[in-house]
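Let me begin by presenting the structure, written as structure tokens, before commenting on it.
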Amino acid sequence: MSILSVNLAENSYDIVIERGALTSLGQRCRAVGLKGVAAVVSNPTVAPLYGAAVQASLLAAGFTVASIEIPDGEEYKNSTTLNQLYDSLLSAGVDRGSFVVALGGGVVGDVAGYAAATWMRGIPFVQVPTTLLAQVDSSVGGKTGIDHPKGKNLIGAFYQPRLVLIDVDTLATLDQRQFRAGLAEVIKYGVVVDLQFFEFIETNSAAILEMDPDILIKIVLRSCQLKAGVVELDEREAGLRAILNYGHTLGHAFESLSGYRGLVHGEAVAIGMMLAVRVSAAEGFCSQKELLRISTLITRCGLPDEIPHYDRQQLLDAIAADKKSKGGNLTFICNRGIGNYAMSHHTPEELLILSGLEA
Ligand code: NAD
Ligand code: GLY
């Protein structure tokens, strides 16, 4: 078992990473002082798999449990789902002395976390992430929120969980496509923060793709360490934290153009990373050799290497919708070599040219 601390003064919390960790959820919630009704928010895919274990652990620790489901899918990460969730919290008697448990992938974590952030002006919540993407990225760092029809994650709050409990055994039921999508965020850390980790992923890609549990624990642990390190320095993304958006500016554009259906989030990030490497090479931040090495690893991990085709204006509009856009210029994260980052500022038009999307 590994326990990492995310040190954020009064918002500090632990990330517990352990095979079979679900059984200890109730005790760990008690240990961090949670009380009242545990509102377990999940979805129709994850609840039948892990809802009973989570409920049993919470009941054994003396909590009252309310099980709530939201629909499964990015297309439901919206205000309609959020309002339905508020209705369920009300019916279940979830008051300021209660807490939310987010059991699922990044969609459940983001929506349930945002509900917790806003319900009765904020009640505690616990992240129990069950996708690789959620275990290595979205459950850590306190970004919560929902999509707006005009753009992804446009509505949200920074709201840290009280505890993140990661049971890597839950990945056993994840389909290959979702597992590979999560690898995009793992590769991201290697590319912009840690060359040694990039090399570890390169060397162990076969074992990773076979989902070897010992290797999975290592990549989840290192990813969480790297993410926590960045969040501790810049909780509210005043500057440094933006490096974690590597591959996301253009990735989000493709994700929204696909109607949040054609591409899953991690695949869109992989496409965005393919393009970010090209921008980085065009700007002189990395060599052609490094470009090839990064794109080869992305492809080897089974992530998409074909860039979907959209017309110029659709692309420009989708890129401009990025919430990090300030006065038409976007902060664009590049890789400096491998294992380091550079920040640049560009208009959407410049990004089309630098990424090779427009000759
Ligand atoms: P997801 O939540 O849609 O989960 C993917 C699919 O896997 C879903 O169908 C889900 O029901 C299913 N699933 C989850 N766990 C499973 C399991 N153990 N076994 C079988 N099926 C399982 O997608 P995701 O990739 O986990 O998360 C993507 C979301 O995360 C996006 O909305 C993205 O914006 C958000 N995100 C947030 C942050 C953040 O910092 N808050 C960071 C990265 C991504
Ligand atoms: N996934 C980007 C961040 O948490 O800042």
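No experiment lies behind these values; they were computed from the predicted model shown. Order of appearance sets the numbers: ligands from 1, and atoms from 1 within every ligand.
Nearest protein heavy-atom neighbour of atom 24 (P) of ligand 1: Gly106 N, 3.5 Å. The nearest heavy-atom contact from the protein to atom 38 (C) of ligand 1 is Ser138 CB, 3.2 Å. Considering only non-hydrogen protein atoms, atom 43 (C) of ligand 1 sits nearest to Asp137 OD2, 3.6 Å. In terms of protein heavy-atom proximity, atom 12 (C) of ligand 1 is nearest to Thr45 CG2, 4.3 Å. Considering only non-hydrogen protein atoms, atom 3 (O) of ligand 1 sits nearest to Val107 CG2, 3.4 Å. Atom 14 (C) of ligand 1 has as its closest protein heavy atom Thr131 CG2, 3.2 Å. When hydrogens are left out, the protein atom nearest atom 32 (O) of ligand 1 is Glu74 OE1, 2.5 Å; that is the closest non-hydrogen contact.
Paired with Phe99 under the rule ring-ring contact (aromatic ring centres under 6.0 Å, His included), one option of Phe63, Phe125, Trp119 passes, and it is Phe63.
A side-chain donor from one of Arg222 and Gln225 sits under 3.5 Å from a side-chain acceptor of the other. For the residue pair Asp110 and Thr144, no side-chain donor N or O sits within less than 3.5 Å of a side-chain acceptor on the partner. Donor-acceptor pairing under 3.5 Å is lacking for the side chains of Glu290 and Asn335. Residues Arg300 and Thr296 bring no donor and acceptor atom of their side chains to less than 3.5 Å of each other. No hydrogens or angles considered: a donor-acceptor pair under 3.5 Å links the side chains of Glu185 and His248. At a cut-off of 3.5 Å, with distance as the only test, no side-chain donor of Tyr159 or Thr118 sits close to an acceptor on the other residue. In this structure, a donor-acceptor pair under 3.5 Å is present between the side chains of Thr173 and Tyr50.
Under 4.0 angstrom from ligand 1, the non-hydrogen atoms of Val46 all belong to its side chain. With a heavy-atom cut-off of 4.0 Å, Thr173 touches ligand 1 through backbone and side chain alike. Heavy atoms of Asp175 found under 4.0 angstrom from ligand 1: none, in either backbone or side chain. Contacts between Asp137 and ligand 2 below 4.0 angstrom, taking non-hydrogen atoms only, involve the side chain exclusively. Residue-level proximity to ligand 1 for Asp110 is carried by the side chain, the only part with a heavy atom below 4.0 angstrom. By the criterion of a heavy-atom distance under 4.0 Å, the side chain of His265, and not its backbone, is placed next to ligand 1. Within the 4.0 Å heavy-atom criterion, the part of Lys227 lying near ligand 1 is the side chain and not the backbone.
The nearest non-hydrogen atom to atom 9 (O) of ligand 1, considering only Asn245, Thr144, Asp72, comes from Asp72. For atom 4 (O) of ligand 2, the candidate residues are Glu235, Lys143, Lys227; the nearest heavy-atom contact is made by Lys227.
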**Study point:** Stepwise side chain to side chain contact (heavy atoms under 4.5 Å, CB included) test for Gln313 and Leu316
**Key:** CA-CA 5 Å; Gln313 197 53 49; Leu316 288 175; 4.1 Å; yes
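Below 4.0 Å from some heavy atom of Asn245 lie the following atoms of ligand 2, by number and element: 2 (C). Each of the following atoms of ligand 1 lies closer than 4.0 Å to a heavy atom of Thr170: 17 (C), 18 (N).
By the 4.0 Å N-to-carboxylate-O rule, Arg293 lies close enough to Glu199 to be salt-bridged with it.
The number of heavy atoms from other shown groups lying within 6.0 Å of CD (Gln196) does not exceed 12.
Considering backbone and side-chain atoms together, Leu171 places no N or O closer than 3.5 Å to any N or O of ligand 1.
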